[in-house]
Structure formats: C-alpha cells, structure tokens
**Q** 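Can you read through this structure? Questions will come right after.
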Amino acid sequence: MILVPGGRGQLGHDLAALSADVHAASSAELDVTAVTADDVRGYSAVINCAAYTAVDAAETDEDRAFAVNAVGPGLLARACATAGTPLIHVSTDYVFPGDGTRPYEPTDDVGPKSAYGRTKLEGERRVLEEGGWVVRTSWVYGANGSNFVKTMAALESSRPSVSVVDDQRGAPTWSHDLAAGLLELAAVLPSTRLLHAAGGGETTWFGLAQAVFEELGADPARVTPCTTADFPRPAPRPAYSVLSGAAWVAAGLRPLPHWRSALTAAFRAGVVAPRA
Ligand SMILES: NC(=O)c1ccc[n+]([C@@H]2O[C@H](COP(=O)([O-])OP(=O)(O)OC[C@H]3O[C@@H](n4cnc5c(N)ncnc54)[C@H](OP(=O)(O)O)[C@@H]3O)[C@@H](O)[C@H]2O)c1
C-alpha cells in the first residue's frame, strides 16, 4: 500500500483513482508538518502530494508556505528514512529562474523568483538529503481542483473572447498522466533521485487556452494573445519553464504523453464537467 499525503488535492485524487493500492490521506488525517515515522511505517512507498500551492498568496504568507513546502517534506523524509519507507516528493518548475532557452535538465542551476519556488526548493533539498526521490512537474490540471483548463472552459461559456498571456512557455501536464508516472517510479525506484516529469512538447498559456476551446468545439480565434505585463500578478511567473524528460527516460521510465494528445484524452475522461 502506498501512502499519499495531500491525497485530496488534484494529483492525490488521480493517484487514488488509478490504484486501489493507494491510501490517499486528507490534510486532517495526516498533517505533513507533524508527521512521524509511525505514520509512514509499513507502507511500500510514500508519494507526497501535500503542498501549499497558492503561488500568489505565498508572497505574503511565506512562513506558512515554508512550513508545508519545506518543513513538512523534511519531516516526512526523516520519518521515511527512519521507517525504511521510500519517499517520492513532487516539486515544481518554479525552482528555476525561468529564463531558459531549452528544456531544463534536473541538474541545471536553480534560482526561484517567487516565495513559492523558494519554499519548494528547500523542500527538495531536505528530501534529497534524506535519500528520497524528487519529481518536478509543471502546469498541472485535473478533474479535481481549480486549474487553468477548467478556468478557460468556464470563460468559454461566459465570455465572447478571452485574453491570455502568450509570452510564458511551459508544458501542461494532466494529473492522471503524472499519477501513472509516479506509480511507475514507485515500482522502479531508479538510482537517479532528481527527475522531471511533465507533458511532452511545449506551448504558452495562450496555446493551451486555444486548445481548450478546440476541445470544447468553440472557435479558438476567440482567444487573443497578450503579454505578462498586461496582467501583473503578486508572484513573478517564469517566462520559460519547460522541463526536459531525458533523465526520466534514461531512468527506464515511460515518457508522459504529449500535452496536446493528453488534453484530448483528459476531455474524453471528463476533466471538465459537460455542460447541462
Ligand atoms: N498545480 C500545479 O500546476 C503544479 C505545478 C507544478 C508542481 N505542482 C506540485 O504538484 C504537487 C501536487 O499539486 P496539486 O495541484 O495536486 O495541489 P493541490 O490540489 O493544491 O493539493 C495540495 C493538497 O495538499 C494538502 N495540504 C496542504 N497543507 C497540508 C499539510 N500541512 N499536510 C497535509 N496536506 C496538506 C491540501 O489539503 P487542504 O486543501 O486540506 O489544505 C491539498 O489537498 C504539489 O507538490 C505542487 O507543488 C503543482
């Protein structure tokens, strides 16, 4: 049985949906900031999906973000090391500065620009120090939770047009595909401890929004491009945060599907509830 802290979030939900061998724990059942070895003992692995994911709120709430994204993973890693339970921890493209020109390798220099990114990076460091595995991903969407894909689908039905930033590049990742990859990783436990797993290919938020409209049978020309400067946010967004899956494949793991075909599969699976 695999324990999934943060099991009621977007990714945790899909892990539980994929395997009967997953125990998805709510934050009330298992608070990672107070975890002990007894909580993780006897499980075949732990896949940590618990996180403070409110990127903008973290700018003014870094202490809380640090507790969940850095202290919690550190405690979990120590608990797992004590209990002899392998730990897989999920991290983010936000650990990179976001000014790359080719997909980031796990070994590339980090340099987070946001409070969220800083706290996630410290979580990574603490997990790796205790011998755990860290998997960075990007632009996650799934059926359970709020995300860009669902937001665009809602806007399609309520607005004649929508303006979306076209100067941030990344790779959308369906949480179902990532969950399958993490389960594969838990079975293989390769010697490489720091890996990237995201949807194949790359696009911009504008490109993703157009693809959502296509999936809905709506005219993608109703999505218009704009720039990051048009939509100032409290936390800076990486301009380029495509993650290379080369190390993942080299570790003997199957690459995640291309983001565009994954989006089609996600719509077929009902990632966005059909309109009444
Ligand atoms: N979403 C993305 O676009 C994205 C991109 C890159 C990386 N990631 C990473 O992917 C992982 C999964 O993200 P997600 O999208 O599934 O996030 P999510 O939907 O926000 O889920 C996070 C879960 O963590 C739980 N949690 C918060 N504090 C906790 C604590 N102290 N103890 C235990 N559980 C706690 C939350 O429960 P409550 O609601 O009860 O607090 C929530 O269910 C995270 O590590 C995230 O950093 C996400």
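Numbering of ligands and ligand atoms starts at 1, following listing order.
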**Q** Same hydrophobic cluster for Leu243 and Tyr141, using side-chain heavy-atom links shorter than 4.5 Å among ILVMFWY?
**A**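 No, separate clusters.
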**Q** Please classify the Ala25 to ligand 1 contact at 4.0 Å (heavy-atom distances, strictly less than): side chain, backbone, both or neither.
**A**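 No part of Ala25 is near ligand 1 at this cut-off.
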**Q** Does this structure show an ion pair linking Arg41 with Asp38, if we count only N-O contacts that are shorter than 4.0 Å?
**A**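 Salt bridge present between Arg41 and Asp38.
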**Q** Heavy-atom contacts under 4.0 Å between Leu30 and ligand 1: side chain, backbone, both, or neither?
**A**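 Leu30 to ligand 1: backbone contact only, side chain stays beyond 4.0 Å.
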**Q** Looking only at protein heavy atoms, which one is nearest to atom 44 (C) of ligand 1, and what is the separation?
**A**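 Among all protein heavy atoms, the one nearest atom 44 (C) of ligand 1 is Ala51 CB, 3.4 Å.
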**Q** Does an N or O anywhere in Ser138 fall below 3.5 Å from an N or O of ligand 1?
**A**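 Between Ser138 and ligand 1, no N or O pair is found under 3.5 Å apart.
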**Q** Assess whether a salt bridge exists between Arg118 and Glu122, defined as any Lys/Arg side-chain N lying under 4.0 Å from an Asp/Glu carboxylate O.
**A**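 Salt bridge absent between Arg118 and Glu122.
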**Q** Phe231, Tyr240: one ILVMFWY side-chain cluster at the under-4.5 Å cut-off?
**A**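 The answer is no; the residues belong to distinct hydrophobic clusters.
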**Q** Could you find the nearest protein heavy atom to atom 43 (O) of ligand 1 and give me its residue, atom name and distance?
**A**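 The answer is Gly9 N, 3.2 Å.
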**Q** Can you confirm whether the side chains of Thr119 and Glu62 place a donor and an acceptor under 3.5 Å from each other?
**A**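 The answer is no; no qualifying pair exists.
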**Q** Can you tell me if Thr264 and Glu215 form a side-chain donor-acceptor pair at under 3.5 Å?
**A**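 Looking only at side-chain atoms, Glu215 and Thr264 do form a donor-acceptor pair, the distance falling under 3.5 Å.
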**Q** For ligand 1, is any non-hydrogen atom under 4.0 Å from His89's backbone (N, CA, C, O), its side chain (CB onward), both, or neither?
**A**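 Neither; nothing of His89 gets under 4.0 Å from ligand 1.
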**Q** As an exercise, identify every atom of ligand 1 less than 4.0 angstrom from a heavy atom of Arg8.
**A**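 Heavy-atom distances to Arg8 below 4.0 Å select 43 (O).
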**Q** Measure centre to centre between the rings of Trp139 and Phe148, then say whether the value is under 6.0 Å.
**A**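 No, the ring of Trp139 stays outside the 6.0 Å limit from the ring of Phe148, centre to centre.
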**Q** Would Gly12 count as being in polar contact with ligand 1, using the rule that some N or O on each side must be under 3.5 angstrom apart?
**A**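 No.
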**Q** Counting N and O atoms only, with roles assigned by atom type, does the side chain of Arg169 sit under 3.5 Å from a partner on the main chain of Asp167, one being a donor and the other an acceptor?
**A**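 Absent.
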**Q** Ring centroid separation for Trp259 and Trp174, is it under 6.0 angstrom?
**A**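 Centroid distance Trp259-Trp174: not below 6.0 Å, so no.
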**Q** Just need the protein heavy atom nearest to atom 7 (C) of ligand 1, so name the residue and atom and give the distance.
**A**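 Looking at atom 7 (C) of ligand 1, the protein heavy atom closest to it is Ser91 O, 3.3 Å.
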**Q** Numbering the atoms of ligand 1 from 1, which are under 4.0 Å from a heavy atom of Asp31?
**A**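 Checking each atom against Asp31, I get 30 (C), 31 (N), 32 (N).
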**Q** Return a yes/no value: protein heavy atom under 4.0 Å from atom 40 (O) of ligand 1?
**A**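 Neighbour list for atom 40 (O) of ligand 1 includes protein heavy atoms (cut-off 4.0 Å).
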**Q** Please state whether Cys49 comes within less than 4.0 angstrom of ligand 1, counting heavy atoms only.
**A**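 Judged by the 4.0 Å heavy-atom criterion, Cys49 does count as contacting ligand 1.
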**Q** For atom 32 (N) of ligand 1, what's the nearest protein heavy atom and its distance?
**A**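 Atom 32 (N) of ligand 1 sits closest to the protein heavy atom Val32 N, 3.0 Å.
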**Q** Counting non-hydrogen protein atoms only, what is the nearest one to atom 29 (C) of ligand 1? Give residue, atom name and distance.
**A**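 The answer is Val68 CG1, 3.9 Å.
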**Q** Just go through Tyr52, Tyr116, Phe148, Tyr141 and tell me whose heavy atom is the nearest to atom 8 (N) of ligand 1.
**A**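 The nearest heavy atom belongs to Tyr116.
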**Q** Looking only at distances, can you tell me whether any N or O atom of Pro5, backbone or side chain, sits closer than 3.5 Å to an N or O atom of ligand 1?
**A**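 No, no N or O pair falls under 3.5 Å.
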**Q** Nearest heavy atom to atom 15 (O) of ligand 1 wins, so pick from Gln10, Lys120, Arg64.
**A**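 Closest candidate by heavy-atom distance is Gln10.
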**Q** Checking side-chain polar atoms at under 3.5 Å, does Ser19 have a donor or acceptor matched by the opposite partner on Asp21?
**A**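 No, no side-chain donor-acceptor pair sits under 3.5 Å.
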**Q** Side chains of Gln168 and Thr204 only: does a donor on one sit below 3.5 Å from an acceptor on the other?
**A**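 Side chains of Gln168 and Thr204: no pair found under 3.5 Å.
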**Q** Hey, are His23 and Glu29 close enough side-chain-wise for a donor-acceptor pair under 3.5 Å?
**A**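 Yes, a side-chain donor-acceptor pair sits under 3.5 Å.
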**Q** Determine, using the 4.5 Å side-chain heavy-atom cutoff (strictly less than), whether Met1 and Val22 are members of one ILVMFWY cluster.
**A**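 As far as the 4.5 Å side-chain criterion goes, Val22 and Met1 are not connected within one cluster.
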**Q** Closest non-hydrogen protein atom to atom 10 (O) of ligand 1, residue and atom name please, with distance?
**A**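 Heavy-atom neighbour on the protein nearest atom 10 (O) of ligand 1: Val90 CG1, 3.3 Å.
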**Q** Return the closest protein heavy atom for atom 25 (C) of ligand 1 as residue, atom name and distance.
**A**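 Atom 25 (C) of ligand 1 sits closest to the protein heavy atom Gly6 CA, 3.9 Å.
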**Q** May I ask you to decide if the ring planes of Phe96 and Tyr104 are parallel, tilted or perpendicular, using 30° and 60° as cut-offs?
**A**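 It falls in the parallel class, under 30°.
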**Q** I need the contact type for Thr53 against ligand 1. Using non-hydrogen atoms and a strict under-4.0 Å cut-off, is it side chain, backbone, both or neither?
**A**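 Answer for Thr53: side chain.
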**Q** Measure from atom 36 (C) of ligand 1 to the protein's non-hydrogen atoms and state whether any distance is below 4.0 Å.
**A**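 No, because not a single protein heavy atom sits under 4.0 Å from atom 36 (C) of ligand 1.
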**Q** Using 4.0 Å as the upper bound for N to carboxylate O, is an ion pair formed by Glu130 and Arg193?
**A**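 No, no charged N to carboxylate O under 4.0 Å.
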**Q** Using a 4.0 Å cut-off to any heavy atom of Thr137, which atoms of ligand 1 qualify?
**A**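 Result: 6 (C), 7 (C).
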**Q** Considering only protein heavy atoms, which is closest to atom 2 (C) of ligand 1, and at what distance to one decimal place?
**A**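 Its nearest protein heavy-atom neighbour is Val140 CB, 3.5 Å.
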**Q** Going by the order shown, which atoms of ligand 1 are within less than 4.0 Å of some heavy atom of Ala50?
**A**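 What qualifies from ligand 1 is 24 (O), 33 (C), 34 (N), 35 (C).
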**Q** Would you kindly specify which portion of Leu11 sits under 4.0 Å from ligand 1, judged on non-hydrogen atoms: side chain, backbone, both or neither?
**A**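 The answer is both.
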**Q** Closer than 4.0 Å to some heavy atom of Ser27 - which atoms of ligand 1 meet that?
**A**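 Listed by number with element, the hits are 33 (C), 34 (N), 35 (C), 37 (O), 38 (P), 40 (O), 41 (O).
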